[in-house]
Protein chains: 2
Amino acid sequence: MRQNLENPAENSAENRVENPFAQPGHDHASCVSAALDGAEAVCARRGGRLTPLRRRVLELVWRSHRPVGAYDLLALLQDERGRVAPPTVYRALDFLCAQGLVHRLDSLQAFIGCGHANASDDSDRDGDGQHPAHFLICQDCGAAVEVRDGQLDGAISHLAGRTGFAIADETVELRGRCADCQN
Amino acid sequence: MRQNLENPAENSAENRVENPFAQPGHDHASCVSAALDGAEAVCARRGGRLTPLRRRVLELVWRSHRPVGAYDLLALLQDERGRVAPPTVYRALDFLCAQGLVHRLDSLQAFIGCGHANASDDSDRDGDGQHPAHFLICQDCGAAVEVRDGQLDGAISHLAGRTGFAIADETVELRGRCADCQN
DNA sequence: ATTCATTTTGTTATGTTATATCATTTTATT
DNA sequence: AATAAAATGATATAACATAACAAAATGAAT
């Protein structure tokens, strides 16, 4: 079964702290605004169309810092719009992933918002909107955080170099317990 | 749809070279024998029961160096045994994965034999049979090779250390084109 | 050897994730 | 306003995976 969505009653203002590893004063409303503003900027710059549907799906993905299943999003959309079919959600997610605004976590078959889509055009190999993304995923609190680590990037490049392998796409997902959940 | 299985007619002796990145004189029959012998050893040592069914599934996984879908294996088993249901395959795969004899590639939802289950008890954190596995997956020839890279391992450990994250499980899958397929 | 508990396998049904296809609507362009 | 392209709606189905319970095989203890 799918992970439980947070109880809407506990999340009424949509600004509850579903923590990226329990940051103390995390203002989630601002966090989401920033992400949506960034998404607008990315799309404006690159000619993508952040339609109301896509924008809303992105907003729903950003409701928490925990990966969300496509069918969870589908249910949320159905609450708002009545009949909605899976392709509606998957097409929106495809677009958002293509723009690098959302990442799919292969090990969870779930999706999470990308906090630095706007800032990371430098690591955009192909001129498409994507960038390699590496995750720490806490199996206790369910949060997933995208990490940037030069040493890890270097090791991957070096591995590719020495084997003559041309990397097109990376899945790096480390599951375990975050520092906070170890106490 | 699932990736095509190699044509059985092209693979009659089960020793055709479905290359781990096209190694010149790869003797696949020996390669598989070694894997099966190793599997027997691992199970003997650790009290796992490599039943005929499980052994056969392992052998089928090893037919090539390309990841195989569970339903591909199911079809192969059905050819041999008539009615076989999905749980039969999934249970065998669960066992083989638990013993570290097979790995699941999350990004492909497919399975591949592990060539060093026998040799890699040192990196077995939990005393279960598993070890972290990192893959290069060629999108051209379809082969997946499990790589061992100290620098990569180090970078992952270091990342975990500096973030206080306790890793329980890793998914590292790099997709692209292998050296041979770049020509 | 027989009983008993445990593990493995068989069987049926269903859950979960994702896509193919074609119709309709919306948007951008001429 | 006409047209082409992009996005969305709608229906159906494919692909991957597990729950639950019954039957059979295995191992251990008497």
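Treat the numbers as computed from the prediction; the structure is a model and nothing was measured. So that the names make sense, note that chain A is the first sequence line, chain B the second, and so on, each numbered from 1.
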Chemist: From CD of A:Gln78 over to P of D:dG9, roughly how many Å is that when rounded to an integer?
Modeler: 12 Å
Chemist: Whole angstrom is fine here: how far is it from CZ in A:Phe111 over to C1' in C:dT16?
Modeler: 13 Å
Chemist: Is A:Tyr71 stacked on the base of C:dT16 when the test is centres under 5.5 angstrom and planes under 30 degrees?
Modeler: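 So no, this residue does not stack on that base, at least one cut-off failing.
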Chemist: List in chain and number order the residues that pass salt bridge (charged side-chain N to carboxylate O under 4.0 Å, His left out) with A:Arg162, two or more places apart in sequence or in another chain; answer none if no residue qualifies.
Modeler: B:Asp149
Chemist: Provide, to the nearest angstrom, the distance between the CG atom belonging to B:Leu93 and the P atom belonging to D:dA15.
Modeler: 18 Å
Chemist: Whole angstroms only, please: what is the CG-P distance between A:Leu77 and D:dA10?
Modeler: 13 Å
Chemist: If only side-chain N and O atoms count, and only distance matters, is there a donor-acceptor pair under 3.5 Å linking A:Arg46 with A:Gln99?
Modeler: yes
Chemist: Check whether the side chains of A:Gln139 and A:Arg177 place a donor and an acceptor atom closer than 3.5 Å, and report yes or no.
Modeler: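 No, no side-chain donor-acceptor pair sits under 3.5 Å.
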Chemist: Identify all side-chain donor-acceptor contacts of residues 31-41 of chain A below 3.5 Å with residues at least two apart in sequence or on another chain.
Modeler:
from: A:Ser33; atom 1: OG; to: A:Ala29; atom 2: O; distance (Å): 2.9
from: A:Glu40; atom 1: OE2; to: A:Arg55; atom 2: NH1; distance (Å): 2.4

Chemist: Are the side chains of A:Arg63 and A:Leu76 in touch, meaning some heavy atoms are under 4.5 Å apart?
Modeler: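 A side-chain contact exists here, since the closest heavy-atom pair is under 4.5 Å.
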Chemist: Can you tabulate the close N/O pairs, meaning under 3.5 Å, that link protein atoms to atoms of nucleotides 8-11 of chain C?
Modeler:
from: C:dT8; atom 1: OP1; to: B:Arg54; atom 2: NH1; distance (Å): 3.2
from: C:dT8; atom 1: O5'; to: B:Arg54; atom 2: NH2; distance (Å): 3.4
from: C:dT9; atom 1: OP1; to: B:Thr51; atom 2: OG1; distance (Å): 2.5
from: C:dT9; atom 1: OP2; to: B:Arg54; atom 2: NE; distance (Å): 3.4
from: C:dG10; atom 1: N7; to: B:Arg91; atom 2: NH2; distance (Å): 2.5
from: C:dG10; atom 1: O6; to: B:Arg91; atom 2: NH1; distance (Å): 2.9

Chemist: If I take atom CG in residue B:Leu73 and atom P in nucleotide D:dC16, what distance separates them, rounded to the nearest angstrom?
Modeler: 11 Å
Chemist: Just to verify, what does A:Ser107 make a side chain to side chain donor-acceptor pair (under 3.5 Å) with, not counting sequence neighbours?
Modeler: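 A:Ser107: side chain to side chain donor-acceptor pair (under 3.5 Å) contacts with A:Glu173, A:Arg175.
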Chemist: Between the axis at one end of the helix from C:dA1-D:dT30 to C:dT30-D:dA1 and the axis at the other (five pairs apiece), what's the angle to 10 degrees?
Modeler: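 About 30°, once rounded to a multiple of 10°.
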Chemist: Can you see whether B:His134 engages B:Glu170 through a side-chain donor-acceptor pair at a distance of less than 3.5 angstrom?
Modeler: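 A donor-acceptor contact under 3.5 Å links the two side chains.
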Chemist: Using whole Å, report how far CD of B:Gln109 lies from C1' of C:dT19.
Modeler: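 Atom CD in B:Gln109 sits about 13 Å away from atom C1' in C:dT19.
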Chemist: Taking only the side-chain nitrogens and oxygens of A:Tyr90, find out if one of them lies under 4.0 Å from OP1 or OP2 of C:dA18.
Modeler: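 Yes, because at least one side-chain N or O of A:Tyr90 sits under 4.0 Å from OP1 or OP2 of C:dA18.
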Chemist: State which residues pass salt bridge (charged side-chain N to carboxylate O under 4.0 Å, His left out) with B:Asp153; sequence neighbours excluded, sorted by chain then number.
Modeler: none
Chemist: Distance alone, cut at 3.5 Å: any donor-acceptor contact between the side chains of B:His131 and B:His116?
Modeler: no
Chemist: What's the CG-P distance between A:Asp72 and C:dA18, to the nearest Å?
Modeler: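 That distance rounds to 11 Å.
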Chemist: Nearest whole angstrom, please: distance from the P of C:dT27 to the CG of A:Leu50.
Modeler: 14 Å
